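So that we are looking at the same thing, I have put the structure below in structure tokens.
Computed over heavy atoms, backbone and side chain alike; hydrogens, waters and symmetry mates excluded. Chain letters run A, B, ... following the sequence lines, proteins first, then strands; residues in each count from 1. All values derive from a computational prediction rather than experimental measurement.
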There are 2 protein chains.
Amino acid sequence: MTSTVPPAGPAMISGNALASVAALIGDVARANILLALMDGRALTAGELAWHAGVSASTTSGHLAKLADAGLLDVERQGRHRYYRLAGADVARAVEALMAAAAAGPRRHRPCGPRDEAMRLARTCYDHLAGRLGTALTDALVAREHLVIADGLGLVTASGEEFLAGFGIDPSVLAPGRRPACRTCLDWSERRPHLAGRLGSALRHRCLELGWIAPVPHSRAVAITAPGRRGFAAEFGILDGHLAVAAPARG
Amino acid sequence: MTSTVPPAGPAMISGNALASVAALIGDVARANILLALMDGRALTAGELAWHAGVSASTTSGHLAKLADAGLLDVERQGRHRYYRLAGADVARAVEALMAAAAAGPRRHRPCGPRDEAMRLARTCYDHLAGRLGTALTDALVAREHLVIADGLGLVTASGEEFLAGFGIDPSVLAPGRRPACRTCLDWSERRPHLAGRLGSALRHRCLELGWIAPVPHSRAVAITAPGRRGFAAEFGILDGHLAVAAPARG
DNA sequence: GCGATGCTGCGGCGACGGCCGAAGTCTCGC
DNA sequence: GCGAGACTTCGGCCGTCGCCGCAGCATCGC
């Protein structure tokens with residue numbers, strides 16, 4: 001049994017599955033396509049070609065492979081084809097990879113000033129991430145509207161009240177006593193932020209209030225002037241909390 | 001701005017980081033190496049070569065790359081070199097990829113009888129997964145020892161009591177009121193199972209009691225005869241709950 | 001000391017896969 | 001209808017990377 005029969009380890013089947021999906025993400029053009037879709041919107045093949053930085057025909061091939069593997073969903077609309085992430089699973093895998101990548105090589109992390117806006121605030125699939133995302137989460141925890149247990153959370157009674165007052169539909173929180181509150185590891189902050197239906201609702205409400213605004217060709221979101229006032233008034237998030245080396249502590 | 005300047009989309013930096021780590025996992029030999037290490041143990045280069053199904057020299061190259069990227073840690077011991085996953089981040093990324101892979105291509109999932117043992121019960125980094133893992137989680141939830149909110153959980157007061165009675169060190173649960181209870185998406189069951197420090201402690205206790213036993217060259221674990229009795233008596237998990245098409249429902 | 005064992009580095013081979021441009025299909029707007 | 005635009009398919013080129021065997025270093029056991 002310990003002999004010279006190398007051609008197959010025990011877990012070969014899963015190994016192939018794992019490798020094939022990872023290899024799919026492991027191409028720079030495709031990785032950029034997935035990142036461009038991480039905000040949950042659907043983009044056309046042409047837009048994705050621009051994001052990928054390769055020709056339309058090459059992009060088309062990439063998109064076919066991604067859709068074929070079930071990572072992307074396609075929707076035809078006139079002469080456009082809209083591609084979007086196939087689901088939260090895919091987004092989660094991408095974020096997990098980013099986290100593993102950030103954890104890894106100490107060198108080779110230039111952290112360009114380029115993505116400072118991303119680190120400040122961005123969308124992650126359908127919720128908020130970056131310093132704003134974690135600060136919001138921290139604020140809810142500090143006021144005991146949310147209980148985070150080792151990275152995961154539950155909305156308290158006072159939290160339900162507060163969120164309702166903030167304009168979030170209570171039905172988001174309580175379909176049968178199961179508050180739709182997940183957390184997601186923030187790859188830039190290395191701490192959890194709010195995801196799930198609540199995270200999605202929070203982002204939606206902030207957009208609705210005009211507190212944040214999408215940045216055209218990026219996952220980043222900008223915090224507007226009313227937003228600064230609002231986050232301070234409603235959540236106690238001051239500019240200092242969003243400054244570079246000051247993770248909101250309490 | 002919308003013009004002919006394709007050579008770089010906005011998120012190029014992160015795209016490279018994401019792609020490089022994914023490409024690393026995206027090779028069958030390396031994927032098998034990572035899977036072999038998913039139980040959290042450290043294996044020698046030779047053992048990993050066997051798992052990878054390639055020659056020792058090829059494996060050496062793969063291991064160097066993985067360690068270089070920070071996915072693996074090395075430890076020299078005499079003339080052996082022991083490799084282990086660099087951290088839970090890496091394990092989480094691998095599981096997330098497996099989940100995305102399982103979600104994807106409807107076809108091409110032969111689900112060989114080969115890994116039926118894995119689906120029944122296996123270790124996932126340091127905790128239990130598979131039908132046993134989800135059944136344990138379900139059992140704790142059903143008895144209100146654990147509250148799962150949209151996939152995430154908190155141990156209740158009765159849960160602390162119960163777990164202490166089961167022989168789990170209470171300090172695992174309460175370092176400052178933050179029960180170390182995460183969940184992890186089970187790639188075979190597509191539902192959450194218990195992870196984090198509590199998940200780890202549960203697995204450890206089950207091993208200690210002789211309820212489960214590691215299967216030599218696999219992440220799978222076997223459920224022993226005392227284990228079957230124990231899981232039934234303590235958790236109400238009957239054989240039926242572990243049978244193929246019967247996810248423990250209550 | 002010596003040989004055996006475990007692991008790594010190097011050179012060369014071969015194949016997989018990304019890339020592009022040109023041609024083909026479909027849809028829209030006039 | 002007819003041209004323009006969006007997207008895909010095809011063929012061919014070329015670089016990258018995984019693979020192996022052999023040689024070179026360490027370490028262990030006698």
| task | Answer with base, sugar-phosphate or nothing: what part of the nucleic acid does A:Thr59 contact at a heavy-atom distance below 4.0 Å? | result | nothing

| message | Quick check on C:dG6: is either OP1 or OP2 less than 4.0 Å from any side-chain nitrogen or oxygen of B:Arg81? | response | no

| message | Less than 4.0 angstrom between a side-chain N/O of A:Tyr83 and OP1 or OP2 of D:dT8, yes or no? | response | yes

| message | Can you measure A:Leu72 atom CG to D:dT8 atom P for me and round it to whole angstrom units? | response |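 My rounded result for the distance is 11 Å.
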
| request: From the options B:Leu71, B:Val28, B:Leu66, select the one residue that forms a side chain to side chain contact (heavy atoms under 4.5 Å, CB included) with B:Ile33. | output: B:Leu66

| request: For A:Asp27 and for A:Arg76, locate the closest nucleotide of DNA chain C by heavy-atom distance; then report the residue assigned to the nucleotide nearer the 5' terminus. | output: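 Final value for this comparison: A:Asp27.
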
| Can you tell me how far P of C:dG6 sits from CG of B:Leu63, to the nearest Å? |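 Computing the B:Leu63:CG to C:dG6:P distance gives 15 Å.
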
| Just to confirm, is there a sub-4.0 Å distance from OP1 or OP2 of D:dT8 to any side-chain nitrogen or oxygen of A:Ser57? |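 No, because none of the side-chain N or O atoms of A:Ser57 sits under 4.0 Å from OP1 or OP2 of D:dT8.
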
| query | To the nearest Å, how far apart are B:Arg79 CZ and D:dA26 P? | reply |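 Distance check: B:Arg79 CZ to D:dA26 P gives 15 Å.
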
| remark: Between CD of A:Glu47 and C1' of D:dC7 the distance, given in whole Å, is 13 Å

| task | Taking A:Ser20 for its side chain and A:Asn16 for its backbone only, find out whether a donor-acceptor pair lies under 3.5 Å. | result | yes

| field | Separation of D:dT8 P from A:Leu48 CG (nearest whole Å) | value |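 One finds 10 Å between P of D:dT8 and CG of A:Leu48, rounded.
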
| message | Tell me whether the side-chain N/O atoms of A:His80 come closer than 4.0 Å to OP1 or OP2 in C:dT27. | response | no

| query | Under 4.0 Å: is that the gap between some side-chain N or O of A:Thr58 and OP1 or OP2 of C:dC20? | reply | yes

| message | In this structure, how many angstroms lie between the C1' atom of C:dG18 and the CD1 atom of A:Ile33, rounded? | response | 12 Å

| task | Round to a whole Å and report the spacing from NE2 of A:His62 to P of D:dT8. | result | 13 Å

| task | Give me the one residue out of A:Thr123, A:Leu85, A:Val90 that meets side chain to side chain contact (heavy atoms under 4.5 Å, CB included) with A:Met38. | result | A:Leu85

| request: Decide yes or no for B:Leu97 and A:Leu97: does some side-chain heavy atom of the first lie under 4.5 Å from some side-chain heavy atom of the second? | output: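 They are in contact (side-chain heavy atoms under 4.5 Å apart), so the answer is yes.
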
| said: Just to be sure I understand the rule, does B:Ala56 reach a base, reach only the sugar-phosphate, or reach nothing, if contact means heavy atoms closer than 4.0 Å? | reply: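 It contacts base atoms.
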
| said: Using side-chain heavy atoms (C-beta onward) and a distance below 4.5 Å, is B:Phe231 in contact with B:Leu136? | reply: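 Counting from C-beta outward, B:Phe231 and B:Leu136 do come under 4.5 Å.
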
| field | Whole-Å gap separating P (D:dT8) and CG (A:Leu66) | value | 12 Å

| request: Give one of base, sugar-phosphate or nothing for B:Tyr82, where a contact means two heavy atoms less than 4.0 Å apart. | output: nothing

| task | Just compare D:dC19, D:dT8, D:dA26 and give me whichever is closest to any side-chain atom of A:Ser60. | result |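 Nearest to the side chain of A:Ser60 among the choices is D:dT8.
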
| request: Ignoring backbone atoms, establish whether B:Lys65 has a side-chain N or O less than 4.0 Å from OP1 or OP2 of D:dG18. | output: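 Yes.
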
